[in-house]
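Take a look at the structure below.
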Amino acid sequence: QVQLVESGGGLVQAGGSLRLSCAASGGTFSTYSMGWFRQAPGKEREFVAAIINNGDSTRYTDSVKGRFTISRDNAKNTVYLQMNSLKPDDTAIYYCARGPRFGILSYSSVYSVWGQGTQVTVSS
């Protein structure tokens with residue numbers, strides 16, 4: 001059974017950086033796209049970034065373009081989200097999820113396995 005475990009969240013001041021990690025166990029990590037989503041209090045879960053199975057292509061929501069970078073290390077079964085120039089609006093629980101084998105999609109319904117989430121809090 002595939003499991004995803006996020007880490008790296010925490011409290012940071014505006015303008016700071018965090019690096020989230022998501023370690024996968026079970027399954028064949030390298031054959032699936034991976035994504036990051038986030039959910040702020042009182043809001044719906046939203047797409048943040050995704051990466052294709054071989055890492056050659058990525059996709060971002062507009063609000064994080066130029067600030068966040070998604071990457072993966074298939075040898076370590078891990079996907080990362082480097083977050084720079086953080087803003088208070090980035091405060092949320094961040095989830096990683098396993099996507100389909102092909103394509104990098106932004107809608108959560110195609111992601112079949114989810115981690116438990118890690119809290120990111122950005123203070124002003």
Side-chain angles (χ1 to χ4, degrees):
Q1 185 173 357
V2 177
Q3 287 189 319
L4 303 175
V5 179
E6 302 97 334
S7 61
L11 173 64
V12 65
Q13 289 189 332
S17 298
L18 283 174
R19 188 194 196 202
L20 305 183
S21 299
C22 172
S25 60
T28 50
F29 177 79
S30 64
T31 63
Y32 293 90
S33 63
M34 296 293 296
W36 285 96
F37 290 75
R38 65 186 180 186
Q39 187 166 19
K43 296 186 177 181
E44 293 187 354
R45 189 173 298 186
E46 66 169 349
F47 170 78
V48 176
I51 187 166
I52 204 168
N53 51 14
N54 63 7
D56 283 353
S57 185
T58 59
R59 182 174 182 173
Y60 299 91
T61 191
D62 286 346
S63 63
V64 308
K65 284 180 181 177
R67 300 188 298 122
F68 291 11
T69 302
I70 188 171
S71 61
R72 66 190 296 162
D73 185 338
N74 285 343
K76 296 182 178 179
N77 288 354
T78 302
V79 63
Y80 305 97
L81 186 68
Q82 177 67 43
M83 305 186 295
N84 299 329
S85 302
L86 282 161
K87 305 175 181 179
D89 284 350
D90 295 318
T91 295
I93 299 174
Y94 283 70
Y95 301 89
C96 72
R98 192 183 78 175
R101 291 182 183 271
F102 303 105
I104 40 174
L105 303 174
S106 62
Y107 41 98
S108 60
S109 59
V110 301
Y111 288 79
S112 57
V113 182
W114 293 79
Q116 83 290 348
T118 185
Q119 177 70 49
V120 172
T121 303
V122 184
S123 63
S124 57

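All values below come from the heavy atoms of this structure, side chains included, with hydrogens, waters and symmetry mates left out.
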Do Arg59 and Ser106 pass the side chain to side chain contact (heavy atoms under 4.5 Å, CB included) test, and can you show the C-alpha distance, the side-chain angles, and the key distance before you say yes or no?
CA-CA 8 Å; Arg59 182 174 182 173; Ser106 62; 3.9 Å; yes
Go through Arg38 and Val64 one step at a time and tell me if the side chain to side chain contact (heavy atoms under 4.5 Å, CB included) criterion holds.
CA-CA 12 Å; Arg38 65 186 180 186; Val64 308; 4.0 Å; yes
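Within the model, atoms OG1 of Thr121 and CG of Asp90 stand 11.0 Å from one another, a figure rounded to the nearest 0.5 Å. A distance of 10.0 Å separates SG in Cys22 from CG in Asn77, rounded to the nearest 0.5 Å. In this structure, CD1 in Ile93 is found 9.0 Å from OG1 in Thr118, a value given to the nearest 0.5 Å. In this structure, the separation between CG on Leu4 and CD on Gln116 is 9.0 Å, given to the nearest 0.5 Å. Distance check, rounded to the nearest 0.5 Å: OH of Tyr80 to CG of Asp73 gives 5.0 Å.
Counted within 6.0 Å of CD on Gln39, heavy atoms from surrounding residues, nucleotides or ligands total more than 12; the atom is thus considered enclosed.
Residues Tyr60 and Phe47 fall into different hydrophobic clusters, defined by Ile, Leu, Val, Met, Phe, Trp and Tyr side chains chained together at heavy-atom separations under 4.5 Å. Using a 4.5 Å cut-off between side-chain heavy atoms of Ile, Leu, Val, Met, Phe, Trp and Tyr, with links allowed through other members, Tyr94 and Met34 fall into the same hydrophobic cluster. Residue Tyr95 is not grouped with residue Leu86 when hydrophobic side chains (ILVMFWY) are merged at heavy-atom distances under 4.5 angstrom, including chains of intermediate members. Residues Leu20 and Val12 share a hydrophobic cluster, clusters being chains of Ile/Leu/Val/Met/Phe/Trp/Tyr side chains in contact below 4.5 Å. Residues Ile51 and Leu18 are members of one and the same hydrophobic cluster, defined by side-chain heavy-atom contacts under 4.5 angstrom among Ile, Leu, Val, Met, Phe, Trp and Tyr.
Between Lys65 and Asp62 a salt bridge is recorded (basic side-chain N to carboxylate O distance below 4.0 Å).
A side-chain donor-acceptor contact under 3.5 Å links Glu6 to the backbone of Cys96. Between the side chain of Arg98 and the backbone N or O of Val113 there is no donor-acceptor pair closer than 3.5 Å. The main-chain N or O of Leu105 is found under 3.5 Å from a side-chain atom of Tyr111 such that the two form a donor-acceptor pair. For Arg72 (side chain) and Phe29 (main-chain N/O), a donor-acceptor pair under 3.5 Å exists by modelled atom type. No donor-acceptor pair under 3.5 Å is formed between the side chain of Thr78 and the backbone N or O of Ala23.
Ser63 places none of its side-chain heavy atoms less than 4.5 Å from the side chain of Asp89.
The two residues Ser17 and Asn84 come nearest to each other via the heavy atoms OG-OD1, 2.9 Å. Between Ser57 and Ile104 the shortest heavy-atom distance is OG-CD1, 3.5 Å. Across all their heavy atoms, Gly103 and Pro100 have their closest contact at O-CG, 4.3 Å. In plain terms, the two heavy atoms of Ser124 and Pro88 that are nearest each other are CB-CG, 3.9 Å.
With ring centers used as reference points, Trp36 lies 6.0 Å or more from Phe68.
Thr31 and Asn53 share no donor-acceptor pair across their side chains, judged by distance under 3.5 Å alone.
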